[in-house]
Amino acid sequence: MARVMVVDDDVTVREVVVTYLRAAGYDVGEAADGESALADLHDQRADLVVLDLMLPGIDGLEVCRRMRAKGDDVPVIMLTALGSETDRVIGLEQGADDYVTKPFSPRELVLRVDSVLRRVGERGAVGGTVSDGDLVVDSTEHTATLAGRRLALTVREFDLLRFFLGHPGQAFSRDELLKQVWGWSFGDQSTVTVHVRRLREKIETDPTHPTRLATVWGVGYRWEPAT
């Protein structure tokens, strides 16, 4: 049974989310602030974290940043009452894998949780190793290395990289990537843009002039295999 940690200082929101997740078959832990969440995650690893952006003390962005800084790759779905694209992008840039804007449907949130955890499970099910020059992605061990150095990738970054390596030389639109990598039939395409930028920062010698994950103007992105 997958364990989900729900972090939200709003008691009503937290109770609703916990109730729906438990009804969906998840083992659920909960915390009302960032410090408590980090302490719980230190003591007991979660398979996914539902994390509110606005928390007392340490906010959700800082919680996510600290998790990623210590190499914790547990998937994070961020809850935010802030509707602007800038706020959503900041969350993704700190390492969130997905976001849901308040007010939201609890059923939609459960579906998002299902989607992210299904992708995690599929990574191991696919198995095998894909390489491109000095870049190696091992789906069985859930690792990616560049010139022998292990890369710290979120779930979505790993899935995106593996997808591109599996389709070298093919151009994909952001909408196609949302469907193929995220499993969404609709969604905010800026999600793809942010993840591509973060991935470039980890695999490109010069992220501002990418040579591996290239932009195809008017289309989207294409993986340029090593020669």
Side-chain angles (χ1 to χ4, degrees), residues 2-8 13-14 16-18 20-21 24 26 28-31 34 37 41 45-55 59-68 72-123 142 152-164 172 174-199 201-202 221:
R3 181 174 187 265
V4 179
M5 167 62 67
V6 177
V7 188
D8 198 309
V13 171
R14 195 170 68 246
V16 170
V17 172
V18 168
Y20 271 78
L21 287 171
Y26 291 107
V28 186
E30 53 185 298
L41 291 170
R45 179 178 172 82
D47 296 292
L48 184 144
V49 178
V50 176
L51 179 63
D52 187 32
L53 178 64
M54 305 298 290
L55 293 170
D59 65 17
L61 291 176
E62 179 62 16
V63 171
C64 192
R65 188 195 67 77
R66 292 190 187 187
M67 290 171 58
R68 298 307 184 221
D72 192 341
D73 63 352
V74 61
V76 172
I77 296 179
M78 194 159 282
L79 302 180
T80 173
L82 306 176
S84 75
E85 181 177 342
T86 300
D87 295 315
R88 297 195 297 270
V89 167
I90 291 174
L92 294 171
E93 288 180 337
Q94 289 298 328
D97 297 275
D98 198 357
Y99 65 87
V100 175
T101 303
K102 294 179 178 179
F104 59 87
S105 161
R107 290 189 179 88
E108 177 191 354
L109 178 58
V110 171
L111 289 175
R112 293 292 183 95
V113 171
D114 291 342
S115 174
V116 173
L117 290 178
R118 183 170 61 251
R119 290 287 174 175
V120 174
E122 288 174 353
R123 288 194 311 181
H142 300 174
L153 302 178
T154 66
V155 171
R156 295 299 192 190
E157 290 166 357
F158 184 95
D159 291 344
L160 188 62
L161 178 58
R162 187 187 65 180
F163 180 80
F164 275 120
F172 295 93
R174 292 189 297 174
D175 183 61
E176 288 173 327
L177 291 169
L178 276 176
K179 293 175 181 177
Q180 295 291 332
V181 179
W182 276 258
W184 300 354
S185 57
F186 62 90
D188 186 348
Q189 295 185 358
S190 66
T191 299
V192 177
T193 305
V194 173
H195 279 80
V196 166
R197 181 165 68 243
R198 285 179 54 84
L199 190 55
E201 291 172 354
K202 298 176 181 181
Y221 305 101

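Residue numbers start at 1 and run along the sequence shown. Atom set for the values below is all heavy atoms of this structure, side chains included, hydrogens, waters and symmetry mates excluded.
Counting heavy atoms from C-beta outward, Leu161 and Leu153 have side chains that approach closer than 4.5 Å. Contact annotation: the side chain of Leu117 approaches that of Tyr26 to within less than 4.5 Å [non-hydrogen atoms, C-beta and beyond]. The side-chain heavy atoms of Leu160 and Arg198, taken from C-beta on, include no pair separated by under 4.5 Å. Side chains of Phe164 and Leu177 form a contact here, defined as non-hydrogen atoms less than 4.5 Å apart. Using a 4.5 Å heavy-atom cutoff, the side chains of Arg156 and Val116 are in contact. Contact check for Leu109 versus Leu79: side-chain heavy atoms found under the 4.5 Å cut-off.
Contact record, Leu51 with Gly60: CD2-O, 3.3 Å, taken as the closest heavy-atom pair. The nearest pair of heavy atoms linking Cys64 to Ala96 is SG-N, 3.7 Å. Residues Met67 and Val76 share a closest heavy-atom pair of CE-CG2, 3.8 Å. Residues Pro75 and Asp47 approach most closely at CD-O, 3.1 Å, considering heavy atoms. Considering every non-hydrogen atom in both Arg3 and Gly29, the closest pair reads NH2-CA, 4.1 Å.
Atom CE of residue Met54 and atom CG of residue Asp8 lie 11.5 Å apart, to the nearest 0.5 angstrom. To the nearest 0.5 Å, atom CG of residue Leu61 and atom CG of residue Leu53 are 4.5 Å apart. Of the inter-residue distances, the one linking Met5 atom CE with Leu48 atom CG reads 11.0 Å to the nearest 0.5 angstrom.
Every residue two or more places apart in sequence or in another chain that forms a ring-ring contact (aromatic ring centres under 6.0 Å, His included) with Phe172 is listed here: Phe163, His167. Among residues two or more places apart in sequence or in another chain, the side chain to side chain contact (heavy atoms under 4.5 Å, CB included) test is passed with Arg45 by Asp72, Asp73, Val74.
With Asp52 contributing its side chain and Val7 its backbone, the two residues share no donor-acceptor pair below 3.5 Å. Remark: the backbone N or O of Val155 is paired with a side-chain donor or acceptor of Asp97 at under 3.5 angstrom. Between the side chain of Arg112 and the backbone N or O of Tyr99, at least one donor-acceptor pair lies under 3.5 Å. With hydrogens and angles disregarded, a donor-acceptor distance shorter than 3.5 Å links the side chain of Lys202 to the backbone of Ala152. The backbone N or O of Trp182 sits less than 3.5 Å from a side-chain atom of Ser115, completing a donor-acceptor pair.
Of the charged side-chain nitrogens involved, none lies within less than 4.0 Å of a carboxylate oxygen, so that Glu176 and Lys179 do not count as a salt-bridged pair.
A side-chain donor-acceptor contact under 3.5 Å links Arg174 and Thr193.
Under the side-chain contact (heavy atoms from CB on, under 4.5 Å) test applied with Glu157, the options Arg162, Glu201, His195 reduce to a single match, His195.
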